[in-house]
Amino acid sequence: MAADADDSRYFVREIEKNDGCTLKVKQCYLGDVGCVVWDAAIVLAKYLETKQFYDPSSGVNLWAGRSVLELGAGTGVVGLMAATLGAQVTVTDLEDLQTLLLVNVQDNRALISSGSITVKVLKWGEDVSEFMPHPHYVLMADCIYYEQSIVPLVESLKLLSGPETCIICCYEQRTEGVNPKVEQQFFELLQQNFSCEKIPSDKQDPEFSSPDIHILHIRRKV
């Protein structure tokens, strides 16, 4: 399917940046979980703009020139935000989401000046040698939902994380069905090799945050 795919299949979600520019992200009307901008993705995207990371008035920009890899990127909104802030970003997801990612990267390329963004396929648990050296940051929003994906996801995090890598994970805590069990399994497995720091709401974007949506900084145990 061409990257200028039929627009009737999509609707556009707009995310306003702090500088007044707007990311316009297409979502599919039909399709699986990857085709929608989930709330956690917007919370994480706006977190990347908070003053601790990015404050032009005081010359702070922790994204400038940093290598960033997004897992399970879906529509690509988180990686796009990082790229507009100056990061060198690779957004990854499964093969069948590549078209949507490419469309959204193309539609927002005008907002990216010093940063860059590329789209690649990454299947969790498989070889990551093409993503080396280890990225400075790994970003993931709402990637914890399929029981069968927990082991390969943690395996990918282990392979992608060097001693300096910070994984920023944002997820919506869901209380129904199998979700609490899947979350518990993920964190039990993760904590064998990683330490997690929960980010308080006062460090998040004041408007785009929610008590149900958690942001964690995850690092390899030394």
Side-chain angles (χ1 to χ4, degrees), residues 15-19 21 23 25 37 40-93 101-102 104-106 108-122 124 128-143 153 156-171 190 193-200 203-205 208-209 214-222:
I15 295 95
E16 190 171 336
K17 295 182 63 215
N18 292 344
D19 63 6
C21 294
L23 287 166
V25 179
V37 179
I42 295 177
V43 168
L44 180 53
K46 293 299 288 183
Y47 174 65
L48 304 186
E49 282 196 299
T50 55
K51 280 187 161 48
Q52 62 206 312
F53 292 112
Y54 186 75
D55 185 9
S57 64
S58 60
V60 172
N61 186 353
L62 295 191
W63 300 114
R66 295 299 170 121
S67 57
V68 172
L69 185 138
E70 186 182 3
L71 290 176
T75 64
V77 64
V78 177
L80 280 163
M81 176 67 87
T84 67
L85 300 174
Q88 312 302 310
V89 179
T90 305
V91 286
T92 70
D93 213 315
L101 275 170
L102 288 164
N104 283 331
V105 165
Q106 195 54 44
N108 291 280
R109 211 173 268 290
L111 300 183
I112 300 168
S113 53
S114 59
S116 67
I117 189 163
T118 53
V119 177
K120 289 191 176 178
V121 175
L122 193 163
W124 298 345
V128 298
S129 53
E130 70 170 302
F131 301 101
M132 293 293 113
H134 297 109
H136 295 110
Y137 291 93
V138 173
L139 306 177
M140 47 188 278
D142 258 349
C143 287
L153 173 56
S156 286
L157 292 174
K158 286 196 291 197
L159 293 170
L160 290 165
S161 295
E164 304 299 317
T165 303
C166 177
I167 300 161
I168 307 181
C169 168
C170 186
Y171 71 101
L190 188 77
N193 296 96
F194 293 89
S195 55
C196 303
E197 174 199 358
K198 191 172 174 193
I199 303 305
K203 290 268 181 76
Q204 301 176 34
D205 184 279
F208 293 90
S209 60
H214 306 291
I215 299 177
L216 302 172
H217 285 194
I218 300 166
R219 295 177 186 275
R220 254 198 183 284
K221 288 179 177 171
V222 180

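All heavy atoms count here, side chains included; hydrogens, waters and symmetry mates do not.
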Out of curiosity, [X] [atom1] to [Y] [atom2], how far, rounded to the nearest 0.5 Å?
| X | Y | atom1 | atom2 | value |
| --- | --- | --- | --- | --- |
| Gln204 | His214 | CD | NE2 | 9.5 Å |
| Ile112 | Cys21 | CD1 | SG | 11.5 Å |
| Leu80 | Ile15 | CG | CD1 | 9.0 Å |
| Leu62 | Tyr137 | CG | OH | 5.0 Å |
| Leu216 | Glu197 | CG | CD | 9.0 Å |
| Lys120 | Leu101 | NZ | CG | 13.5 Å |

- Of Ile218, Leu153, Leu44, Val78, which meets side chain to side chain contact (heavy atoms under 4.5 Å, CB included) against Met140?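 With Met140 as partner, Ile218, Leu153, Leu44, Val78 yield a single side chain to side chain contact (heavy atoms under 4.5 Å, CB included), made by Leu153.
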
- Item | Option from Leu102, Val119, Thr118 for which side chain to side chain contact (heavy atoms under 4.5 Å, CB included) with Val91 holds |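 The single option meeting the side chain to side chain contact (heavy atoms under 4.5 Å, CB included) with Val91 is Val119.
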
- Message: Could you go through Val89 and Ser116, starting from their C-alpha distance and side-chain angles, then the distance that decides it, and tell me whether this counts as side-chain contact (heavy atoms from CB on, under 4.5 Å)?
- Response: CA-CA 6 Å; Val89 179; Ser116 67; 6.0 Å; no

In terms of heavy-atom contacts, does [atom1] of [X] have more than 12 from other residues, nucleotides or ligands at under 6.0 Å?
| X | atom1 | answer |
| --- | --- | --- |
| Lys198 | NZ | no |
| Lys203 | NZ | no |
| Glu164 | CD | no |

- Message: With side-chain contact (heavy atoms from CB on, under 4.5 Å) as the criterion, how do Met81 and Leu23 come out once you've worked through the C-alpha distance, each side chain's angles and the decisive distance to 0.1 Å?
- Response: CA-CA 8 Å; Met81 176 67 87; Leu23 287 166; 4.1 Å; yes

- Item | Lys158 side chain vs Phe194 backbone, donor-acceptor pair below 3.5 Å |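 Side chain of Lys158 to backbone of Phe194, a donor-acceptor pair under 3.5 Å: no, none is there.
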
- Just by modelled atom types, is the Thr75 backbone N or O under 3.5 Å from a matching donor or acceptor in the Asn104 side chain? yes

- Item | Under the side-chain hydrogen bond (donor to acceptor under 3.5 Å, both in side chains) test, residues paired with Asn193 that sit two or more places apart | none

Might you point out which heavy atoms bring [X] and [Y] nearest each other, and give the distance in Å?
| X | Y | answer |
| --- | --- | --- |
| Glu49 | Asp19 | OE2-N, 4.4 Å |
| Ala141 | Ala41 | CB-CA, 3.7 Å |
| Ala40 | Cys170 | O-SG, 3.3 Å |

- Task: Please examine the side chains of Pro56 and Asn61, heavy atoms only from C-beta on, and report whether any two atoms are closer than 4.5 Å.
- Result: no

- Task: Report yes if some heavy atom in the side chain of Leu157 is under 4.5 Å from a heavy atom in the side chain of Trp124; otherwise report no.
- Result: no

- Message: Between Phe53 and Tyr47, is the ring centroid distance below 6.0 Å?
- Response: yes

Side-chain donor-acceptor pairs under 3.5 Å in residues 63-74, sequence neighbours left out?
| from | atom 1 | to | atom 2 | distance (Å) |
| --- | --- | --- | --- | --- |
| Trp63 | NE1 | Leu48 | O | 2.8 |
| Ser67 | OG | His136 | N | 3.0 |
| Ser67 | OG | His136 | ND1 | 3.1 |
| Glu70 | OE1 | Gly79 | N | 2.9 |

- Task: Decide side-chain contact (heavy atoms from CB on, under 4.5 Å) for Arg109 and Ile117; before the verdict, give the C-alpha distance in whole Å, the side-chain angles of both, and the deciding distance to 0.1 Å.
- Result: CA-CA 9 Å; Arg109 211 173 268 290; Ile117 189 163; 4.2 Å; yes

- Task: Could you walk me through whether Ile215 and Cys169 pass the side-chain contact (heavy atoms from CB on, under 4.5 Å) test, one step at a time?
- Result: CA-CA 6 Å; Ile215 299 177; Cys169 168; over 6 Å; no

